[in-house]
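Structure first, then comments.
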Amino acid sequence: MYGFLHSALVAWVRQRSDAEALMAKLLEALEDHSEGRIDDFFAYYPDTMTFLFLGTLSKLTGVKPDDLKFEAGVLSVNTFVETGYLPMLKALGPDLFTVIDNLDSMHDNFLAAFPKMRTPSVRPERESEDSFLVHYFSQREGLAPFMMGALKGLAALLFDLDVDITHRSKKGMKGATHDVFRVFLDDVECMHREEDLTAYYMQTSMSKDMIHQLFPWHIEVDANMTVQSIGTHISKRLKENPIGKKLAQLIKISRPVDATIEYHDLKTRTGVPVMMSINKSCLIKDGEMAYLPEANACPFSRQAVELLNAGAVDAQEKSMLSGHTGMQLNSRTMSARSSVQVEPQGVEAVTIQEDDGASKVEVDLRKLPTQKAPSRGRSRANTANSRVGELPSITAISCASSVTSGSRMSVRKAAEQIILHGELILNAENGNLFFAASPAISDMAAMQANGMSLDELPIHSHGREMLFSAMFQSISAATTADFEKKVQHLDETMQQVNQRKLQIDTLLHSILPRDVAESLAVGMTPKADSFDSVTVLFSSITGFANISSDVPPTEVMEMLNDLFVKFDRLCDVHDVYKVETIRDSYMVAAGCPEVTSDHALKIANFALEMVPLAATVISPLDGDPIRIKVGIHSGPLMAGVVGKSRPRYCLFGDTVNVASQIENTGVTNTVQGTFRFVRCLPEDFVGRILPRGFVSINGKGSIKTFFIVGDDPDMRQAVVNELSKTATIKEPHQSSQNYAQLPPSLAKMPQDTLAIHGL
């Protein structure tokens, strides 16, 4: 079915407080079963998809499927209004009963925009002053609650009525379901009744010819359901004369759905839309001849048939016929040409055909009763002369007029199916039922497929205007559906673009600081900034030179990638900024580009987790865990973007140089930091700070360094081994930096450092 129910269900979801979360769950559950949007008003969805949608939503919300259908029915009226159908709804009638009575006409109109729609049928029935019944017929099972909700929503929208609608009964019928609703009204005025104006009708009479001109698609039956009259446009498409035959032999009724071809039933269907279809077995096929009423038969073709069938034409008579009519006769055809030839023996058919061959009148003589030529004492020649003399002169009768007359005639194209839409009118004088109708066609293709032309639609019926309106509506609906698809495709494309943009932004922000990346994105190059206090960390892999020289490059790259990916994740955990990687060196900073007071603490915690994390990566050289050394220093620096086509965010200053040399002089599996770094740590730092002594720094002389020790046993053992050595410089000699005093806890470190700190 089309997306009426789908769009209404989504509207119901969106008005809930948990709409966003519920919609996400619903889309996830239906992801593998739907292509594109699940609430496209103009899209056609398989019934399996619709009921899966209902079942999934019922499970997610705990609301029964029938209750969901009812609520969706109420909201569906709003979706029709949003789609532009409000003027049509308002035009259905002045009261609720009339509106419901005209719903079938609106459903028929929908077929132009929704050609796959299996339209339901709704018929109201008056019950009392304040209530009426609604008979609902549908080819789909289980949609009665949806229609009940739609009727309730329709009453509220058009008449501001809060009607009470209940399900009264359910009946089974062939090919459809029949549900009966009862509608209670508080406002009796909404049960509008037409005033009887019969006394004011003008008296008029109408000839049969005028009836055929006004209603060329009509059918009239008597109380015995015998066909009494039939329109000319129908008759010329029939194999046989239907007059006097039962209506059931000629037509089938498709609407109202519960209507039967019985007089007492159809008598009650006056004033409501009725749809009938001519039985295909009654229609001519390509190459067959159509029946025409005898009153319209061409006099020439009738008398010529009599002559030929009676065998009353000899060679001389052929010549006389030729001279009189300008027709050519042979055993098969009678054509509109200059000479006439008639074979007296074995005559089977007569055809009158225009020179262009566009149309013809043909009579199959084999199917006509054999007549004995009357003699009355006259010779065959006299008989022929007499009969030919009686033939009307057709000098002024064009072939075109002959084409539209005669007892049998071929039409432009045999009709595949003739569906008539109209109403039944009861003739009070004789009790006959008159079906005033027009073809139910929605586009030119359907009209041409059934051998019809525009001039066969009565002007007074507005059939031509309705045809163009339906075509315009169909084109508009197709355009709207195409527009919806393009919008949906655009939405999907925008989502993909946004996802790509998010990926690019994420990648860019991992390379450059966020504010720097945003400035570059808008074409601005941010100026270099100075920072008073930043902590910088360097790390390197012990023995990397041997690894890179003895191991294939691909394995070295895999090892570095594995290690640095883990470090990258650790940066996110501790909110530190990864500056760059050079070979096996990994550089991190905190306090830059975002200024923060706890930059030293962040780097310390990062470093303490960094050493044991590196050991989870295996060296491709010997299969042992990777071992690193870490150096940290804090101080002022400058930072800014360098480059345009491939910009990089670089740090400059003595702080970077010192941090790099602290890492170079570090010890494997340890974290070494300077006094400036230690001084920036908070007093409640949980790690252990142990003085290593003095190390020599190029251009700086001797700098006192410290080990930052965590709980990792390998780190503790490495510190123990290093502090056990005596090669450490004990006193500085003309240090280039004027450091402040150590914290009291570290100012006078005992000689037996290992014992004091339990290492």
Side-chain angles (χ1 to χ4, degrees), residues 104 107-108 111-112 115-119 121 137 139 173-176 212 215-221 225-262 265-266 269 273-293 359-362 364 367 406-424 433-454 456-458 463 467 470:
D104 280 5
H107 289 153
D108 292 341
L111 291 175
K116 295 182 181 179
M117 183 178 180
R118 287 186 280 174
T119 56
S121 180
F137 306 91
Q139 300 177 54
M173 59 181 300
K174 185 177 180 181
H212 280 279
F215 306 104
W217 297 93
H218 81 272
I219 301 174
E220 184 179 5
V221 296
M225 300 305 291
T226 302
V227 178
Q228 299 297 310
S229 175
I230 194 164
T232 54
H233 289 344
I234 301 178
S235 64
K236 70 182 182 182
R237 290 172 167 82
L238 299 179
K239 293 180 179 179
E240 300 177 353
N241 185 358
I243 304 300
K245 295 184 179 181
K246 293 294 184 181
L247 181 64
Q249 297 177 263
L250 180 64
I251 61 96
K252 292 180 181 178
I253 299 178
S254 54
R255 180 167 295 175
V257 179
D258 61 332
T260 59
I261 309 179
E262 298 179 2
D265 184 18
L266 295 183
R269 308 286 183 169
V274 176
M275 188 173 290
M276 299 183 183
S277 60
I278 306 296
N279 292 332
K280 291 185 178 181
S281 60
C282 298
L283 297 173
I284 63 169
K285 299 178 181 178
D286 286 331
E288 293 183 339
M289 296 298 103
Y291 161 81
L292 277 182
S359 54
K360 62 183 178 179
V361 175
E362 181 175 331
D364 191 342
K367 297 182 180 179
S407 60
R408 303 190 72 80
M409 166 186 144
S410 66
V411 294
R412 298 170 183 172
K413 185 181 185 303
E416 299 175 358
Q417 185 180 23
I418 295 180
I419 301 176
L420 302 174
H421 181 272
E423 64 172 319
L424 288 167
L433 285 172
F434 188 90
F435 181 50
S438 293
I441 51 179
S442 58
D443 53 45
M444 287 293 186
M447 184 175 68
Q448 294 172 0
N450 288 283
M452 299 178 187
S453 60
L454 196 62
E456 291 182 303
L457 300 179
L467 173 62

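Keep in mind that what you see is a predicted model, and the values were worked out from it rather than measured.
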Show the numbers, then the answer: is there a side-chain contact (heavy atoms from CB on, under 4.5 Å) between L420 and M275? CA-CA 6 Å; L420 302 174; M275 188 173 290; over 6 Å; no

Any [X] side-chain heavy atom under 4.5 Å of [Y] side chain:
X	Y	result
M452	R237	yes
V274	P256	yes
E456	K236	yes
C282	P242	no
Q228	L247	no
I230	N241	no
I418	P439	no
I243	K245	no

Roughly how far, to the nearest 0.5 Å, is [atom2] of [Y] from [atom1] of [X]?
X	Y	atom1	atom2	result
I251	I219	CD1	CD1	6.5 Å
E262	I253	CD	CD1	9.5 Å
S277	L250	OG	CG	9.5 Å
E220	L424	CD	CG	11.5 Å
F435	H218	CZ	NE2	11.5 Å
I419	K252	CD1	NZ	11.5 Å

I'd like to know whether I278 forms a side-chain contact (heavy atoms from CB on, under 4.5 Å) with L238, so could you lay out the CA-CA distance, the side-chain angles of the two residues, the decisive distance to 0.1 Å, and finally the verdict. CA-CA 9 Å; I278 306 296; L238 299 179; 4.0 Å; yes

Count the heavy atoms of every other residue, nucleotide or ligand shown that sit under 6.0 Å from NZ of K280, and state whether that count exceeds 12.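 Count not over threshold, so no.
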
Please determine whether salt bridge (Lys or Arg N to Asp or Glu O under 4.0 Å) holds for the pair R269 and E423, giving the CA-CA distance in whole Å, both sets of side-chain angles, and the decisive distance to 0.1 Å. CA-CA 8 Å; R269 308 286 183 169; E423 64 172 319; over 6 Å; no

Looking only at heavy atoms, which two atoms of L283 and Q417 are closest? And how far apart? CD1-CA, 4.3 Å

Please step through side-chain contact (heavy atoms from CB on, under 4.5 Å) for the pair D104 and R255, ending with a clear verdict. CA-CA 9 Å; D104 280 5; R255 180 167 295 175; 3.6 Å; yes

Between F434 and F215, how do the two ring planes meet: parallel, tilted or perpendicular, split at 30° and 60°? perpendicular

Measure from the side-chain N and O atoms of [X] to the backbone N and O of [Y], and report whether any donor-acceptor pair falls under 3.5 Å.
X	Y	value
D265	T260	yes
W217	T232	no
N279	S281	no

The test is side-chain contact (heavy atoms from CB on, under 4.5 Å); show your working for S229 and H212 and say whether it passes. CA-CA 9 Å; S229 175; H212 280 279; 4.0 Å; yes

Test side chain to side chain donor-acceptor pair (under 3.5 Å) applied to H421 - qualifying residues, sequence neighbours left out: D108

